[in-house]
S.K.: 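Have a look at the structure that comes next, please.
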2 protein chains.
Amino acid sequence: MASPDTRTQILDAAEVIFAERGFSGASVRAITDLAGVNLAAVGYHFGSKRDLIAAVARRVIEPINVAQNVGLDRLLEQAPEPQVADLVSAFVGPLFDEIPADDIGGSRKSLLIMTIITDPAKEMRNWMGSTEAAVRDRYRTAFMRALPNISSAELEFRMRGLLAVVAVDRIEMNNRGTLDSSDELSGVSTRRWAMAFLVAAMKAPSQ
Amino acid sequence: MASPDTRTQILDAAEVIFAERGFSGASVRAITDLAGVNLAAVGYHFGSKRDLIAAVARRVIEPINVAQNVGLDRLLEQAPEPQVADLVSAFVGPLFDEIPADDIGGSRKSLLIMTIITDPAKEMRNWMGSTEAAVRDRYRTAFMRALPNISSAELEFRMRGLLAVVAVDRIEMNNRGTLDSSDELSGVSTRRWAMAFLVAAMKAPSQ
DNA sequence: GTTCGTTTCATACGATCGTATGAACTCTAA
DNA sequence: TTAGAGTTCATACGATCGTATGAAACGAAC
């Protein structure tokens with residue numbers, strides 16, 4: 001069953017280093033040094049750096065996908081056709097919930113998510129699509145019922161916008177978070193701002 | 001004055017390689033190989049890889065900033081207080097204009113822009129802020145007049161959303177552009193979709 | 001206490017990285 | 001034609017990269 005300690009320590013350290021330097025900019029040695037474990041531990045527990053990247057990404061993304069699924073389940077229980085605002089909240093909410101804004105680990109995770117989304121290494125997108133695409137499909141059909149005038153393609157564009165706004169905002173907030181002091185205030189505000197911004201955007205008349 | 005050929009060939013090749021592999025994932029050798037020039041040419045023309053990154057980023061960002069400035073100038077000539085839709089168009093338009101959607105170089109540039117925005121290497125943000133921040137300030141004051149009920153902080157959030165939606169969309173379109181065939185259609189649509197989405201979002205009531 | 005699967009360790013390998021160097025080449029001006 | 005600045009070239013250096021290896025350490029079962 002493998003001692004969970006070393007494995008977890010590596011995952012935690014990798015999350016930090018990957019967020020700081022990107023996937024290819026991070027060295028296995030930097031990760032094992034931060035984790036306080038032996039260099040060879042990565043090979044033993046994960047096989048290769050590529051597999052470590054996959055494990056780290058999975059650990060960050062999975063709870064978000066689960067929360068998005070649960071949120072949509074709860075909405076569909078209450079009403080067969082949820083409102084746009086509720087769908088937006090259920091979709092982007094987990095990005096705020098699973099990524100605490102004020103602590104260091106939170107900003108680290110948001111950076112990591114964007115690293116995952118935008119990393120040029122295409123390996124990511126292959127193994128990620130499985131569950132992530134399923135969640136997005138569920139939400140898209142729900143959005144299609146709530147916004148019958150919007151075409152499927154345009155809806156996909158808008159859903160991408162949901163993720164983009166929240167993810168980029170968290171990154172930017174983190175970048176200045178190291179300089180500014182009282183970003184707790186803007187941290188709480190951001191969620192309200194994002195909801196107002198995104199709900200209005202989703203409801204925009206079809207173009 | 002240095003033969004502009006080699007320098008430009010390096011910049012062109014670096015744009016491709018950086019977009020494909022990220023800054024730290026790209027090797028100088030890969031760039032010079034693609035450019036068909038000698039390895040040492042990077043050292044001679046740019047000094048170091050870091051300086052090459054700066055030069056590439058500057059070449060991509062600068063025309064966008066210029067176009068954004070020109071667009072705002074033109075709006076302010078016509079009316080002292082431009083409308084929201086016009087401001088949005090002038091702000092995100094250059095991202096479409098300077099980055100053709102259908103050709104390969106276009107999607108490459110959009111990827112590169114996102115690489116610049118999100119790259120964990122913080123060196124970027126230092127030398128970039130100079131002119132970029134000035135443009136954003138001009139637009140923020142213009143938006144503040146058009147949207148007097150929105151606080152300055154929330155407005156900054158919303159302007160970040162403008163860039164995020166467009167940039168992420170271009171990346172995603174590029175990612176699937178390699179698979180799909182007829183994305184010229186969605187390429188043209190995207191601009192209209194972005195405008196509808198973003199204008200509605202900017203006009204959202206304050207929260 | 002000895003055995004044996006599991007985990008950690010120090011260490012080494014070949015590849016590749018960014019950069020530096022000095023010779024060879026090109027081209028213009030005298 | 002020659003002098004010299006500007007540019008390109010082949011090549012090498014040390015550092016660091018991901019990965020592999022085999023010995024040491026550990027812990028539970030008998």
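So you know, we letter chains A, B, ... as the sequences are listed, proteins then strands, and number each from 1. Owing to the predicted nature of the structure, the values given are computational and were not obtained by experimental measurement.
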S.K.: Please check if the side chain of A:R158 supplies one atom and the backbone of A:L198 the other of a donor-acceptor pair under 3.5 Å.
M.R.: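 No; zero donor-acceptor contacts below 3.5 Å.
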S.K.: Is there a side-chain contact between B:H45 and the phosphate of D:dT8, meaning an N or O under 4.0 Å from OP1 or OP2?
M.R.: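 So the side chain of B:H45 is within the cut-off, an N or O lying under 4.0 Å from OP1 or OP2 of D:dT8.
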S.K.: Atom CG of A:L39 to atom C1' of D:dA23: distance rounded to whole Å?
M.R.: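 Taking CG of A:L39 and C1' of D:dA23, I get 16 Å after rounding.
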S.K.: CG of B:N38 versus C1' of D:dA10: gap in Å, rounded?
M.R.: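 Taking atom C1' of D:dA10 as the reference, CG of B:N38 is at 7 Å.
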S.K.: Tell me whether the side-chain N/O atoms of A:T6 come closer than 4.0 Å to OP1 or OP2 in C:dT7.
M.R.: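 Answer is no, no contact under 4.0 Å.
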S.K.: Output the single nucleotide from C:dA12, C:dT19, C:dT6 whose closest atom is nearest the side chain of A:Y44.
M.R.: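 Between C:dA12, C:dT19, C:dT6, the one nearest the side chain of A:Y44 would be C:dT6.
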S.K.: What is the distance from CZ of B:R50 to P of C:dT19, rounded to the nearest Å?
M.R.: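 Taking CZ of B:R50 and P of C:dT19, I get 8 Å after rounding.
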S.K.: Does a nitrogen or oxygen in the side chain of A:S27 sit under 4.0 Å from OP1 or OP2 of D:dC17?
M.R.: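 True: A:S27 side-chain N/O within range (under 4.0 Å) of D:dC17 OP1/OP2.
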S.K.: If you only use heavy atoms from C-beta on, which nucleotide in C:dC17, D:dT19, D:dA10 is closest to the side chain of B:A40?
M.R.: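 Among the listed nucleotides, the one closest to the side chain of B:A40 is D:dA10.
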S.K.: Roughly how many Å is it from CG in B:D33 to C1' in C:dC17, rounded to a whole number?
M.R.: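 Taking atom C1' of C:dC17 as the reference, CG of B:D33 is at 13 Å.
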S.K.: If you check every side-chain atom of A:R29, which of D:dG6, C:dT8, D:dC17 has the closest atom?
M.R.: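 It is D:dC17.
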S.K.: Would you confirm whether A:Y139, through its side chain, and A:Q68, through its main-chain N or O, come within 3.5 Å as a donor-acceptor pair?
M.R.: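 Here the side-chain-to-backbone pair exists.
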S.K.: Just how far, in rounded Å, is C1' of C:dT7 from CD1 of A:I10?
M.R.: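 Those two atoms, CD1 and C1', are 11 Å apart.
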S.K.: Could you check whether any side-chain N or O of A:K49 sits under 3.5 Å from a backbone N or O of A:F23, counting only pairs where one atom can act as donor and the other as acceptor?
M.R.: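 Pair found, side chain donor or acceptor close to backbone of A:F23.
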S.K.: Once you apply a heavy-atom cut-off of 4.0 Å, does A:A41 come out as touching a base, just sugar-phosphate, or nothing?
M.R.: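 The residue A:A41 makes no contact with any strand.
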S.K.: State whether a side-chain donor-acceptor pair under 3.5 Å links B:S48 with B:D51.
M.R.: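 B:S48 vs B:D51: donor-acceptor pair found between side chains.
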S.K.: Spell out, as yes or no, whether a donor-acceptor pair under 3.5 Å connects the side chain of B:S89 to the backbone of B:A85.
M.R.: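 No; judged by distance alone, with no hydrogens or angles, the pair does not exist.
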S.K.: Reckon B:A26 touches a base, only the sugar-phosphate, or nothing at all at heavy-atom distances under 4.0 Å?
M.R.: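 Counting heavy atoms under 4.0 Å across all strands, the contact made by B:A26 is with sugar-phosphate only.
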S.K.: Could you state the CZ-P distance from B:F46 to D:dT8, rounded to the nearest angstrom?
M.R.: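 About 11 Å, once rounded to whole Å.
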